[in-house]
Protein chains: 2
Amino acid sequence: MTIHEVAARAGVSPATVSRFLRGQSVRSPEAIRAAVDELGYWPSAAAQSLKSGRTHTIGVVVPDITNPYFAAVVKGMESVTRTENYRILLANSDESSEREDHVLADMARRVDGVILAPATERDQTPLKLRDSKVPLVFIDRDLMEGDEFDAVLVDNVDGARQAVEHLLGLGHTRIAAINGPPDTTPGRRRREGFLAALTARGVGIAPEHDLIGDFRESSGYQLTLSLLSLPEPPTAIFTANNLMTLGALKALHDMRVDVPGRISLIGFDDLDTGPLLRPPLTVIDRPMVEQGVLAMRLLLRRLDPQYVDDIPRRIVLGVKLIDRASTAPPKGQHVPPPRARKARPA
Amino acid sequence: MTIHEVAARAGVSPATVSRFLRGQSVRSPEAIRAAVDELGYWPSAAAQSLKSGRTHTIGVVVPDITNPYFAAVVKGMESVTRTENYRILLANSDESSEREDHVLADMARRVDGVILAPATERDQTPLKLRDSKVPLVFIDRDLMEGDEFDAVLVDNVDGARQAVEHLLGLGHTRIAAINGPPDTTPGRRRREGFLAALTARGVGIAPEHDLIGDFRESSGYQLTLSLLSLPEPPTAIFTANNLMTLGALKALHDMRVDVPGRISLIGFDDLDTGPLLRPPLTVIDRPMVEQGVLAMRLLLRRLDPQYVDDIPRRIVLGVKLIDRASTAPPKGQHVPPPRARKARPA
DNA sequence: AGGTCCACTGACAACGGTTTCATTGGGAGC
DNA sequence: GCTCCCAATGAAACCGTTGTCAGTGGACCT
């Protein structure tokens with residue numbers, strides 16, 4: 001089913017069929033349309049790509065699609081591609097930089113652009129992409145010196161700050177953090193925000209309360225157990241992402257620790273089931289779908305020759321605290337007068 | 001960066017470079033390898049596709065990637081493609097058959113095969129795919145008369161039966177079901193299993209307890225509210241998928257209904273947060289990642305000319321009940337002696 | 001009627017690989 | 001030293017589409 005068969009049936013040349021399909025005016029549109037319909041002709045994507053150099057496909061690389069956050073981001077992206085005649089080539093990096101490099105190199109020749117939620121923040125940006133001049137947009141990865149890429153971020157520092165202020169406002173002073181890997185933007189920045197907010201209020205943190213996880217549920221679980229085994233456990237825990245929050249909550253359940261009675265828990269990133277958990281989780285929420293939408297818009301814009309040389313953009317989205325029921329004043333303390341806590345619904 | 005430049009630099013013809021890259025023995029492998037490395041050459045996927053007619057890409061169409069079940073299935077698929085030098089073109093159908101048709105038609109010319117979790121069970125199978133002879137594997141859609149496709153399913157009937165037996169075993173007799181759409185395989189079969197299991201045990205069901213939802217959280221929520229407003233509400237609810245279970249649980253929370261004290265809840269499909277919910281959810285669990293793995297294996301096998309004409313396969317995976325804490329004997333009743341309930345962990 | 005203009009047309013050459021086919025050259029065997 | 005054989009080679013065709021280019025013919029004007 002090639003354009004030649006259509007041309008033959010319509011009694012014109014392939015070039016004319018091609019012109020008709022691209023919207024140019026031709027002598028006998030009806031004949032061609034009829035031939036196309038009867039034959040059920042669709043142009044070969046491969047031939048078109050070869051000729052035009054465009055695949056109308058966007059590569060999307062995320063650490064793990066089963067993480068609800070990334071699923072939401074990808075969904076946002078797809079809502080954009082859908083209306084713009086683009087499609088998504090999806091790959092997981094499994095949080096491995098090697099795997100990520102491999103995937104990126106593979107994609108370089110198959111897509112018009114890439115959106116990447118990087119496994120790590122290593123400075124050497126994917127060379128294969130740079131060479132092949134495939135536009136790249138980062139999700140959750142801050143721009144580095146010399147980067148010529150766009151990025152869509154959330155205000156990680158402010159999110160951590162909000163969490164800390166919230167806990168301090170409740171009267172906590174022994175606050176622990178289960179951070180992400182320091183070589184990732186969210187891992188690094190959320191920790192920075194956490195420490196800075198504590199320091200700004202003159203509250204110290206014990207080194208054994210400042211932990212580094214890997215953003216996976218199991219590390220949230222393990223590190224929470226280690227916090228519980230301390231001679232002086234914290235009265236509140238801040239977890240740097242959704243999966244580690246879940247791990248922490250599981251550990252607290254398993255150890256029969258009352259939340260928030262004995263330990264308060266606040267995590268970065270909300271979950272669909274957040275309100276239904278035991279207890280309902282107080283979290284730092286960010287616009288996930290929107291982050292995907294913006295990243296895709298940024299990328300498609302850069303694909304437009306008109307904007308291809310614009311300076312890289314860095315979009316930072318705000319975050320907000322959702323006050324549910326996993327945080328409360330520490331045992332034997334009461335809310336300090338200056339900032340009363342808002343009543344929480346049910 | 002074409003094969004011609006590599007050939008020129010290595011002092012051979014493009015044909016020889018091509019042969020070298022495809023593993024054939026060549027007079028001067030080192031020279032070619034050097035040229036390839038120095039130039040950073042990667043073959044053009046479009047040109048290869050055009051020539052070979054293969055894209056080495058698999059189209060995956062799911063109703064909604066943010067549903068944890070589909071995310072897990074896709075992850076399983078990707079674990080297979082990764083090792084087989086295939087990649088995944090992902091699209092959401094948003095549970096719309098029109099959208100699904102559109103996506104499928106688009107994919108027909110861009111992929112070697114398609115895995116589809118269909119929005120509905122309509123008999124007219126995607127024509128565009130049939131015409132272009134793109135192999136298709138169904139997820140969660142039973143084969144129909146004349147289908148020449150493979151399918152990977154779970155035992156929906158047995159899952160519903162297990163749920164019913166479990167509730168009956170606890171002493172429930174007023175059991176409601178929030179089913180999925182009857183034009184989907186899981187919607188239809190789970191309802192069939194539910195009704196059959198009740199009938200087999202001689203238990204009736206009031207028509208107003210046999211509800212039809214749309215697999216979305218909101219319908220689980222709404223239908224649960226409607227059940228609660230009945231003069232004789234059920235003592236147990238069976239929800240046909242994860243999202244509707246969540247919706248039901250939310251409604252029960254909002255209406256301050258004690259679960260499982262006043263109403264027991266059991267749903268199809270487990271959730272990562274299942275054990276952490278209030279209460280921990282009793283569910284019918286199925287192997288999600290494995291379902292994706294098997295579907296992809298089936299598809300790649302059919303891509304092999306050797307097996308292309310094998311008769312369609314239909315793989316049915318078993319399901320099992322995970323007994324947590326959202327189900328209990330109905331108020332004022334006790335567990336009937338014949339089948340004692342197993343102690344549940346914490 | 002003849003000339004000019006212009007919208008439309010088809011032949012043809014790409015795009016970047018792979019495959020066929022005839023040819024080359026070196027080694028083995030006598 | 002000559003023949004035979006076969007592995008390796010390059011030229012060329014091809015995959016299906018689109019862009020270029022030099023027409024072609026009809027409409028309109030004088």
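Below, chain A is the first sequence line, B the second, and so on; all start at residue 1.
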What integer distance in Å separates [X]:[atom1] from [N]:[atom2]?
X	N	atom1	atom2	value
B:Leu50	C:dT19	CG	P	13 Å
B:Arg54	D:dC15	CZ	C1'	15 Å
A:His56	D:dT17	NE2	P	16 Å
B:Phe20	D:dA7	CZ	C1'	17 Å
A:Arg22	D:dT20	CZ	C1'	14 Å
B:Leu21	C:dG17	CG	C1'	10 Å
A:His4	C:dA11	NE2	P	10 Å
B:Trp42	C:dG16	CH2	P	18 Å

*Begin from the C-alpha positions of A:Leu299 and A:Ile58 and carry the test side-chain contact (heavy atoms from CB on, under 4.5 Å) through to its verdict.*
CA-CA 9 Å; A:Leu299 181 55; A:Ile58 301 298; 3.4 Å; yes

_Donor-acceptor pair present, A:Arg19 side chain and C:dG10 base, under 3.5 Å_ =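 Side chain to base: pair found, below 3.5 Å.
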
Does a side-chain N or O from [X] land closer than 4.0 Å to OP1 or OP2 of [N], or not?
X	N	value
A:Gln48	D:dT18	yes
B:Ser18	C:dT18	yes
B:Ser13	D:dG10	yes
B:Ser52	D:dC15	no

*Does the side-chain hydrogen bond (donor to acceptor under 3.5 Å, both in side chains) test come out yes or no for B:Glu121 and B:Thr185, once each step is laid out?*
CA-CA 6 Å; B:Glu121 212 177 24; B:Thr185 298; 2.6 Å; yes

Could you work out which one of [options] sits closest to the side chain of [X]?
X	options	result
B:Ala15	D:dT17, C:dG17, D:dG10	D:dG10
B:Val26	C:dT18, D:dT9, C:dG17	D:dT9
A:Val12	D:dT17, D:dG10, C:dG10	C:dG10
B:Ser25	D:dA7, D:dT18, D:dG19	D:dA7

*Whether A:Thr55 side chain and A:Arg110 backbone form a donor-acceptor pair below 3.5 Å*: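 Indeed, once roles are kept as given, a pair shorter than 3.5 Å links the two residues.
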
_Residue whose closest nucleotide on DNA chain D lies nearer the 5' end, B:Arg27 versus B:Arg109_ =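 On the 5' side of the pair lies B:Arg27.
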
_Need one value for B:Tyr41: base, sugar-phosphate or nothing, where a base atom within 4.0 Å counts as base even if backbone is also close, heavy atoms only._
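The residue B:Tyr41 makes sugar-phosphate contact but no base contact.
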
_Just to be sure I understand the rule, does A:Met1 reach a base, reach only the sugar-phosphate, or reach nothing, if contact means heavy atoms closer than 4.0 Å?_
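No contact.
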
*With a 3.5 Å cut-off and no angle check, do the side chains of B:Thr120 and B:Ser97 form a donor-acceptor pair?*
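Yes.
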
*With rounding to the nearest 0.5 Å, note down the distance linking CD1 in A:Ile65 to CD1 in B:Ile65.*
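A:Ile65 CD1 to B:Ile65 CD1: 4.5 Å, rounded to 0.5 Å.
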
